[in-house]
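Written below as structure tokens is the structure these notes are about.
Predicted model only: the values in this text are computed from it and were never measured. Order of appearance sets the numbers: ligands from 1, and atoms from 1 within every ligand.
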Amino acid sequence: MSNSSCLAIVLAAGLGTRMRSALPKVMHEIGGLPLVGHVLNSVVHAGADKVAVVVGPEMAKLEEHVAIRVPHATCHVQVDRLGTAHAVKAAEEAYKAASDHVLVLFGDTPLVKADTLHRLRERLSGGADVVVLGFEADDPFGYGRLLESDGELVAIREEKEATDEERRVTLCNAGIMAFKGSALPDLIAEIKNDNAKGEYYLTDAVEVARSKGMRVVSELADEKEVQGINNRSQLASCEAVFQQVQRETFMENGVTLQAPETVYFSWDTEIDPDVVVEPNVVFGPGVHVDSGARIRAFSHLEKAHVSADATVGPYARLRPGADIGEGAHIGNFVEIKNAKVESGAKVNHLSYIGDARVGAKSNIGAGTITCNYDGYLKHHTDIGAGSFIGSDSVLVAPLTLGDGAFVAAGSVVTSDVPENALAIGRGQQVNKEGRAKVMREMLAAAKASRKG
Ligand code: UD1
Ligand code: CA
């Protein structure tokens with residue numbers, strides 16, 4: 001099979017009216033990735049060397065997303081939505097060029113695994129002409145039913161055309177089919193729209209294939225893996241399944257999740273073994289955590305890297321470009337954006353560090369802020385190794401602090417600080433002897449006169 005070529009056709013033209021959204025249905029996200037992106041990842045992993053996506057008119061965002069995920073994929077516009085076989089026909093240009101295998105998938109069925117697609121392809125290599133992926137449905141309503149006779153798949157009957165007896169069948173069509181490439185063009189050409197909806201059903205390919213003496217078989221998948229999304233509540237239940245799979249996978253790979261059901265992952269989260277994740281942590285896209293790090297409760301991470309043995313949180317926010325060095329500490333109510341916090345440095349309380357470098361072993365006092373933005377441009381702050389920034393300091397970028405610099409608490413630092421220098425940038429304190437007592441007497445008198 002490894003030598004056989006494979007075209008994947010992903011149908012994504014549906015508007016998904018039940019989503020009640022301005023977005024094409026397949027652009028809604030699971031684990032931070034559009035539904036269609038999940039399907040594209042699976043087909044690429046299953047060895048599809050050509051990918052064709054059938055889109056609706058004016059779905060530029062969808063076409064852009066496809067181009068990012070699979071640069072060599074082609075998009076084909078289906079102008080009128082006349083059914084799933086009609087949608088496949090929109091990609092005729094792609095399937096009339098020879099491929100050994102053609103997989104047809106729906107963009108709204110995001111959780112299908114590459115392994116399952118592999119199994120379909122193996123059946124084709126084993127001599128089948130058409131393979132249908134089926135599943136046992138808890139509630140089969142709305143799905144096409146797989147009708148079998150003597151162990152052979154003879155037809156798929158859509159809900160609308162099914163007899164009462166056929167409706168009782170719980171073996172359903174997952175919507176994913178595999179075809180011998182040479183067979184597909186004739187099958188699609190012969191499908192008619194003589195049904196209740198007046199649509200061209202891809203599912204009719206089963207009967208057409210059998211009438212031509214072809215071998216049609218089915219493969220089984222778990223219902224969770226093939227659940228489709230037609231509304232927001234199905235979107236939420238797919239998200240739940242996706243998160244559950246992620247949690248299990250991380251735990252199997254040696255990550256400790258203290259309260260797995262409270263941790264949310266992205267499709268691309270990477271966590272090495274022996275990382276501990278405390279409860280209520282959210283991983284946005286693009287996070288990598290190295291072995292030995294600890295992500296403490298209620299933290300939010302996005303496009304960030306946490307090195308070995310570092311601690312993040314509780315209540316920390318790592319925004320895009322945060323790079324936390326080995327053994328560094330990021331504490332509560334600290335936000336880090338586009339900044340490298342080098343090994344052993346500590347930013348423990350109530351700070352904002354953006355567009356910056358914090359040198360190794362530096363200590364950033366509570367409430368320190370980098371002023372990186374003047375309303376027009378972003379500026380960089382470079383803090384040397386072994387520096388000490390006193391609490392509540394404001395570092396006005398662009399700014400460079402040499403190694404070993406010391407900033408007095410409460411300073412507003414606007415000019416560079418040389419190596420090992422002490423910077424004090426604040427109003428000078430004045431003490432007035434005995435004045436507190438006088439003031440209290442004045443204030444008490446004022447209060448008494450009001451009451452009178
Ligand atoms: C389809 C199957 C049904 C199966 C179910 C699984 C058909 C006729 N029926 O029904 O057997 O059990 O999926 O979820 O195939 N699409 C287009 N253009 C069209 C029509 C559909 O691109 O003209 C796309 C949609 O965007 C969607 C997919 O095809 O991604 C499936 O279409 P949908 O209308 O949701 O089919 P179902 O009624 O769910
Ligand atoms: Ca559907």
For Tyr95 together with Phe179, are the ring centres under 6.0 Å from each other? no
Aromatic ring proximity Phe283/Tyr264, centre distance under 6.0 Å: no
Is there a polar contact between ligand 1 and [X], counting only N or O atoms under 3.5 Å apart?
X      : result
Gly228 : no
Gly83  : yes
Gly142 : no
Thr109 : no

Can you classify the ring geometry of Phe135 versus Tyr143 as parallel (below 30°), tilted (30 to 60°) or perpendicular (above 60°)? perpendicular
Below 30° counts as parallel, above 60° as perpendicular, anything between as tilted: where do the rings of Tyr315 and Phe333 land? parallel
For [atom], closest protein heavy-atom neighbour:
atom                    : result
atom 18 (N) of ligand 1 : Gln78 OE1, 2.7 Å
atom 11 (O) of ligand 1 : Glu158 OE2, 2.6 Å
atom 1 (C) of ligand 1  : Phe106 CE1, 3.5 Å
atom 38 (O) of ligand 1 : Lys197 NZ, 4.3 Å
atom 39 (O) of ligand 1 : Asn230 ND2, 4.4 Å
atom 12 (O) of ligand 1 : Asn173 O, 2.6 Å
atom 24 (C) of ligand 1 : Leu11 CB, 3.8 Å

Does the pair Asp100 and Lys180 meet the rule for a salt bridge (Lys or Arg N to Asp or Glu O under 4.0 Å), with working shown? CA-CA 6 Å; Asp100 298 321; Lys180 206 152 250 174; over 6 Å; no
Could Asp355 and Lys378 be called an ion pair, given the rule that one side-chain N must be under 4.0 Å from one carboxylate O? no
Are Lys25 and Asp108 close enough for a salt bridge, meaning some N to O gap below 4.0 Å? yes
Element-labelled atoms of ligand 1 that are located less than 4.0 Å from some non-hydrogen atom of [X]:
X      : answer
Thr203 : 7 (C), 8 (C), 11 (O), 15 (O)
Gly144 : 3 (C), 4 (C), 11 (O), 12 (O)
Ala87  : 17 (C), 18 (N), 22 (O)
Ala174 : 6 (C)
Gly107 : 30 (O)

Determine, using heavy atoms of Cys172 and all atoms of ligand 1, whether some pair is separated by less than 4.0 Å. no
Going by heavy-atom distance to atom 21 (C) of ligand 1, choose the closest among Val226, Thr84, Leu15, Val54. Thr84
Can you tell me if [X] uses its side chain to pair, donor with acceptor, with the backbone of [Y] under 3.5 Å?
X      : Y      : value
Gln234 : Asn230 : yes
Ser307 : Ile324 : yes
Arg319 : Gly354 : no

Non-hydrogen protein atom less than 4.0 angstrom from [atom]:
atom                    : result
atom 30 (O) of ligand 1 : yes
atom 26 (O) of ligand 1 : yes
atom 14 (O) of ligand 1 : yes

Test applied, side-chain hydrogen bond (donor to acceptor under 3.5 Å, both in side chains); reference residue, Tyr201; option that passes from Glu161, Glu207, His86, Lys192: Glu161
Does Lys212 have more than 12 heavy atoms from other residues, nucleotides or ligands lying within 6.0 Å of its NZ? yes
Residue that, paired with Thr84, satisfies side chain to side chain contact (heavy atoms under 4.5 Å, CB included) out of Val54, Thr203, Leu11: Leu11
